[in-house]
Amino acid sequence: MHQEYTIIEGDFVNAGKASSSVKKTLKQLNVDPTVVKRVVVALYEAEVNAIAHAYGGKVLVDIDEDKINMVVADKGPGIPDIAMAMQEGYSTARPEVRDMGFGAGMGLPNMQKNVDKLNVTSEVGVGTTVEMEVNFN
Amino acid sequence: MTLREIVNLLDATVHTGENRLDEEITQAFASDLMSEVLTLTDTPLLITGLCNMQTIRTCDMATLDYALIVRNKKPTDEMLELAEDNDMVILSCRYSMFRTCGILYQAGLKPLY
Ligand SMILES: Nc1ncnc2c1ncn2[C@@H]1O[C@H](COP(=O)(O)OP(=O)(O)OP(=O)(O)O)[C@@H](O)[C@H]1O
Ligand SMILES: [Mg+2]
């Protein structure tokens, strides 16, 4: 099953719409609730990052029998040092983003903790792509 | 303690989930940082000063059913609609975070960590 969502620049109110929808789908498919939580927490963090740190983008979701693959690709400033960005507590979030309840520098570490495979690629001045995979059992 | 007792202790407003007020709460977690909330594996009462759509979305993703918004902030209709869709209980009170936590701690609510 393939699903696509668009993330609109600055659209904080709708951040998490893709994750909500994926949550509903996985529930319907009777995926283990603890696995569903891991999937949607990771996807939500990636969605928020595409709004908080970039100018929006796309979410591509592929659901198989035994796993889910998620790609969040944004247009944005990119991440100059991915290893540094992955460290807990590292954040360049703007004051507006902090006012929205984000900017703890825990999003990427949260994704890492919750998924089975995480791949972050980024080109400075172009954008960032986060690919995640979670096995259902 | 029950949610109803929490409402009475804090003179809180019940925005959604009136029908769930007799449910028992044993633990609470207080934070304004949603990524911190998203690390939780347990499902305590969330006490937060953050009052926007992300408060509700975060609870949805983190499977938290109960949120208490402090500092006299009022949830928007849009927030409450989403909360209702998710069958959540949303409370608010006028006390500060520190005072709210103090009252609930004294009344026996346990910290998560
Ligand atoms: N999509 C992105 N585009 C550009 N920079 C990014 C992107 N995602 C993350 N970053 C950079 O990596 C840092 C760490 O990201 P992470 O998600 O871990 O924390 P945060 O978003 O700052 O705070 P939190 O996720 O805890 O709310 C960000 O502050 C930002 O500098
Ligand atoms: Mg983040």
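Source: prediction; values computed, not measured. In the text below, chain A, chain B and the rest are named by the order of the sequence lines, each starting its count at 1.
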Student: Side chain, backbone, both or neither: which part of M53(B) has a non-hydrogen atom closer than 4.5 Å to chain A?
Tutor: side chain
Student: Say whether F102(A) and V13(A) are linked into one hydrophobic cluster, either directly or through other cluster members, by side-chain heavy-atom distances under 4.5 angstrom.
Tutor: no
Student: Looking at A15(A), G107(A), A104(A), which one has more heavy-atom pairs under 4.5 Å with chain B than the rest?
Tutor: A15(A)
Student: Can you name the residues of residues 3-22 of chain B that have some heavy atom under 4.5 Å away from a heavy atom in chain A?
Tutor: none
Student: In terms of hydrophobic clustering (I, L, V, M, F, W, Y; side-chain heavy atoms under 4.5 Å; direct or indirect links), are L38(B) and M111(A) co-clustered?
Tutor: yes
Student: Would a single hydrophobic cluster contain both V71(A) and M1(A), if residues Ile, Leu, Val, Met, Phe, Trp and Tyr are joined by side-chain heavy-atom contacts under 4.5 Å?
Tutor: no
Student: Under 4.5 Å between side-chain heavy atoms, counting indirect links through other Ile/Leu/Val/Met/Phe/Trp/Tyr residues: same cluster for M88(B) and M79(B) or not?
Tutor: yes
Student: Give the cluster check for L60(A) versus L43(A): same hydrophobic cluster or not, with ILVMFWY residues linked at side-chain heavy-atom distances below 4.5 Å.
Tutor: no
Student: Around Q106(B), counting heavy atoms of other residues, nucleotides and ligands shown, do more than 12 lie under 6.0 Å from its CD?
Tutor: no
Student: Answer with side chain, backbone, both or neither: which region of I56(B) has an atom nearer than 4.5 Å to a non-hydrogen atom of chain A?
Tutor: neither
Student: Tell me which donor-acceptor pairs, judged by distance alone and kept under 3.5 Å, run between chain B and chain A, one pair per line.
Tutor:
from: M34(B); atom 1: N; to: G101(A); atom 2: O; distance (Å): 2.8
from: S35(B); atom 1: O; to: N110(A); atom 2: ND2; distance (Å): 3.0
from: S35(B); atom 1: OG; to: E45(A); atom 2: OE1; distance (Å): 3.1
from: S35(B); atom 1: OG; to: E45(A); atom 2: OE2; distance (Å): 3.0
from: L40(B); atom 1: O; to: K37(A); atom 2: NZ; distance (Å): 3.2
from: Q54(B); atom 1: OE1; to: Y44(A); atom 2: OH; distance (Å): 2.5
from: Q54(B); atom 1: NE2; to: F12(A); atom 2: O; distance (Å): 2.4
from: R57(B); atom 1: NE; to: A15(A); atom 2: O; distance (Å): 3.3
from: R57(B); atom 1: NH1; to: S20(A); atom 2: OG; distance (Å): 2.9
from: T58(B); atom 1: OG1; to: Y44(A); atom 2: OH; distance (Å): 3.2
from: D60(B); atom 1: O; to: K23(A); atom 2: NZ; distance (Å): 2.7
from: D60(B); atom 1: OD1; to: K23(A); atom 2: NZ; distance (Å): 2.6
from: D60(B); atom 1: OD2; to: S20(A); atom 2: OG; distance (Å): 3.3
from: A62(B); atom 1: O; to: K37(A); atom 2: NZ; distance (Å): 2.9
from: T63(B); atom 1: OG1; to: K37(A); atom 2: NZ; distance (Å): 3.4

Student: Hey, what do you get for CE (M100(A)) to CG (L50(B)), rounding to the nearest 0.5 Å?
Tutor: 7.5 Å
